[in-house]
J.: 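Sharing a structure, written as structure tokens. Questions coming.
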Amino acid sequence: MSGDGNSSLGHKAFSRSRSHFADRITADGRDGWPVAAGRYRLVVSRACPWASRSLVVRRLLGLEDALSLAVADPIQDDRSWRFTLDPDGRDPVLGIRYLSEAYDRRETGYPGGVSVPAVVDVPSGQLVTNDYQRLTLDLATEWTALHRPGAPDLYPEKHRDEIDTVMAEVYEDVNNGVYRAGFANGQQAYEEACAGVFRRLEVLAGRLAGQRYLVGDTLTEADVRLFTTLVRFDAVYHGHFKCNRWKLAEQPVLWAYARDLYQTPGFGDTVDFDHIKRHYYQVHTGINPTRVVPLGPDTAGWLTPHHREELGGRPFGDGTPPGPVPAGEEIPVAGRP
């Protein structure tokens with residue numbers, strides 16, 4: 001999620017920019033960035049659904065000790081993501097006040113905005129990648145030597161074609177569809193995007209009515225990518241983005257599925273509803289010029305029984321759940337149900 005042009009949102013046609021820095025961190029280091037414990041720092045906003053993918057995958061795979069975490073303030077200023085949650089307003093590892101400083105060390109005058117998730121090379125202070133589509137897949141497949149014992153296979157080879165197909169449909173109509181609806185600059189563009197969101201959600205509900213997870217009987221990257229939109233749906237997309245044909249809590253299958261994931265270690269323990277709401281409502285001044293943050297919805301429902309275990313499935317396959325959230329990474333009380 002980029003911080004550029006927030007005041008213009010809703011006033012011009014929305015188009016998501018591609019990741020400009022698409023280097024990959026791989027086991028063989030073919031792009032010049034070999035997998036190495038402690039070398040890289042993951043910079044996220046807990047408000048951002050694209051960054052939230054990496055938070056969930058990092059937890060599920062047990063990469064917390066290998067890949068350190070920097071959490072940006074959900075409220076940006078004109079230089080975008082900033083480290084004002086940290087003492088003295090600086091990231092304690094990178095020593096910078098703004099994520100843009102890591103971008104500038106990599107390339108000056110780069111096109112596009114400053115986006116998260118971003119992976120920074122700690123020794124040089126340079127940005128390595130902001131390719132949110134590839135990052136989590138590489139964490140699952142290239143970082144295996146550093147996975148915790150019992151880590152799930154989130155991108156199993158035998159299901160990759162199906163996973164890729166589901167993820168492409170979810171991205172186009174749901175992950176990005178809510179943005180195309182929310183930032184539409186005309187009635188027709190909004191109606192087409194909004195209709196597409198709900199058409200796809202209905203298809204997904206049909207798929208999930210008889211199976212616990214999107215592909216196979218275990219958690220995969222496809223579930224991670226759908227979850228990060230669903231967990232934000234009632235809090236921001238229903239009202240702020242006008243995706244309001246129905247609430248997630250009114251769709252029995254998807255609501256139960258989303259609660260099942262939220263209550264699975266590695267998912268809900270990365271979600272900060274306070275960061276989510278404050279970012280969307282206070283930063284997107286083009287569509288919410290008053291910056292007023294609504295009081296609702298009540299998030300207590302996320303902790304209610306979902307009964308999805310009755311469908312079978314094994315969340316972690318032959319593996320095990322991740323351990324406790326590391327000290328310092330817990331969600332503050334204000335952000336939890």
Side-chain angles (χ1 to χ4, degrees), residues 2 17-45 48 50-72 81 83 91-96 98-161 163-164 167 220-222 224-225 266 270 319 322 326 329:
S2 170
S17 58
R18 298 180 64 181
S19 298
H20 179 63
F21 300 97
D23 286 6
R24 293 174 61 188
I25 301 169
T26 56
D28 63 7
R30 56 186 177 272
D31 283 1
W33 307 105
V35 170
R39 175 170 176 178
Y40 306 101
R41 190 153 174 84
L42 175 65
V43 182
V44 303
S45 164
C48 171
W50 319 102
S52 291
R53 295 176 178 181
S54 58
L55 283 167
V56 173
V57 169
R58 175 177 171 269
R59 279 275 293 133
L60 294 177
L61 300 177
L63 290 170
E64 295 101 324
D65 290 337
L67 178 62
S68 67
L69 181 67
V71 177
W81 300 108
F83 297 108
D91 179 77
V93 172
L94 300 173
I96 57 178
Y98 291 90
L99 178 56
S100 60
E101 296 173 59
Y103 277 66
D104 290 337
R105 288 177 185 173
R106 173 69 184 272
E107 179 183 329
T108 55
Y110 54 87
V114 177
S115 63
V116 289
V119 179
V120 178
D121 177 50
V122 174
S124 66
Q126 294 184 12
L127 177 77
V128 176
T129 180
N130 66 348
D131 189 350
Y132 62 94
Q133 295 281 55
R134 187 70 234 177
L135 173 58
T136 47
L137 297 178
D138 282 345
L139 291 178
T141 59
E142 298 288 341
W143 289 63
T144 52
L146 298 176
H147 289 181
R148 65 178 174 85
D153 185 354
L154 297 176
Y155 197 46
E157 287 197 41
K158 67 179 180 179
H159 291 309
R160 284 185 188 177
D161 287 346
I163 292 171
D164 288 346
M167 291 194 307
T220 68
E221 174 82 14
V224 175
R225 295 191 180 193
T270 70
E329 295 187 12

J.: Please report the C-alpha distance between Asp138 and Ile25 in whole Å, then the side-chain angles of each, then the deciding distance to 0.1 Å, and finally whether the side chain to side chain contact (heavy atoms under 4.5 Å, CB included) criterion is met.
T.: CA-CA 7 Å; Asp138 282 345; Ile25 301 169; over 6 Å; no

J.: For Val119 and Tyr40, which heavy atoms make the closest approach, and how far apart are they?
T.: CG1-CB, 3.7 Å

J.: Return the minimal non-hydrogen interatomic distance between Val44 and Ala51, and the atom names on each side.
T.: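 Of all heavy-atom pairs spanning Val44 and Ala51, the closest is CB-CB, 3.9 Å.
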
J.: Is it true that Asp164 and Tyr155 share a donor-acceptor pair across their side chains at a distance under 3.5 Å?
T.: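 Looking only at side-chain atoms, Asp164 and Tyr155 do form a donor-acceptor pair, the distance falling under 3.5 Å.
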
J.: Any heavy-atom pair between the side chains of Ser124 and Arg105 that's under 4.5 Å?
T.: no

J.: Counting neighbours of CG on Asp28 that are heavy atoms of other residues, nucleotides or ligands and sit closer than 6.0 Å, is the number greater than 12?
T.: yes

J.: At their closest point, which heavy atom of Leu139 faces which heavy atom of Leu63, and how far apart are they?
T.: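 Closest pair (atom of Leu139, atom of Leu63, distance): CD2-CD1, 4.0 Å.
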
J.: Minimum heavy-atom separation for Pro156 and Thr220, please, with both atom names.
T.: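 Scanning both residues completely, I find the closest heavy atoms to be CD-CG2, 4.2 Å.
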
J.: Output the distance between atom CG (Leu154) and atom NE2 (His147), rounded to the nearest 0.5 Å.
T.: 8.0 Å

J.: Given 3.5 Å as the limit, does a donor-acceptor pair link the side chain of Arg41 with the main chain of Ala118, or not?
T.: no

J.: Please find the pair of heavy atoms, one from Ala140 and one from Thr144, that lie closest to each other, and give the distance.
T.: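 So the two residues come closest at O-CG2, 3.5 Å.
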
J.: Taking the inter-plane angle between the rings of Tyr110 and Tyr103 on a 0 to 90° scale, is it parallel (under 30°), tilted (30 to 60°) or perpendicular (over 60°)?
T.: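 Geometry flag for Tyr103 against Tyr110: tilted rings.
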
J.: Roughly how far, to the nearest 0.5 Å, is the CG atom of Leu69 from the CG atom of Asp91?
T.: 9.5 Å

J.: Less than 4.0 Å between a side-chain N and a carboxylate O, is that true for Glu142 and Arg30?
T.: yes

J.: Taking Thr129 for the side chain and Phe21 for the main chain, is one N or O donor matched with an acceptor at less than 3.5 Å?
T.: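 Such a contact is found between Thr129 side chain and Phe21 backbone.
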
J.: Quick check for you: to the nearest 0.5 Å, what is the distance between Arg160 atom CZ and Glu221 atom CD?
T.: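 Between Arg160 CZ and Glu221 CD, I get 11.0 Å after rounding to 0.5 Å.
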
J.: Which heavy atom in Val116 sits nearest to a heavy atom in Ser45, and how many Å separate them?
T.: CG2-N, 3.9 Å

J.: Kindly say whether Val122 contributes a backbone atom to a donor-acceptor pair with the side chain of Arg39 at under 3.5 angstrom?
T.: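 Not a single qualifying donor-acceptor pair exists.
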
J.: Charged N to carboxylate O below 4.0 Å: is that the case for Glu64 and Arg59?
T.: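 A salt bridge links Glu64 with Arg59.
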
J.: Is the backbone N or O of Gly113 less than 3.5 Å from a side-chain atom of His20, with the two atoms forming a donor-acceptor pair by type?
T.: no

J.: Would you say that more than 12 heavy atoms from the other residues, nucleotides or ligands in this model lie under 6.0 Å from the CG of Asp31, or not?
T.: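 Counting neighbours around CG of Asp31, more than 12 heavy atoms of other residues, nucleotides or ligands fall under 6.0 Å, so yes.
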
J.: Using 0.5 Å steps for rounding, measure from the OG1 atom of Thr270 to the CD atom of Glu329.
T.: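 Those atoms lie 10.5 Å apart.
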
J.: Without swapping roles, check the side chain of Thr136 against the backbone of Ser54 for a donor-acceptor pair under 3.5 Å.
T.: no

J.: Return yes if some donor-acceptor pair links the side-chain N/O of Arg134 with the main-chain N/O of Arg24 below 3.5 Å, else return no.
T.: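 A pair under 3.5 Å: no.
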
J.: Hey, are the side chains of Trp143 and Leu61 touching, using non-hydrogen atoms and a 4.5 Å cut-off?
T.: no

J.: Calculate, to the nearest 0.5 Å, the distance between atoms CG and CG belonging to Leu99 and Leu94 respectively.
T.: 8.5 Å

J.: Can you tell me how far apart CG (Leu67) and CG (Leu135) are? Round to the nearest 0.5 Å.
T.: 8.0 Å

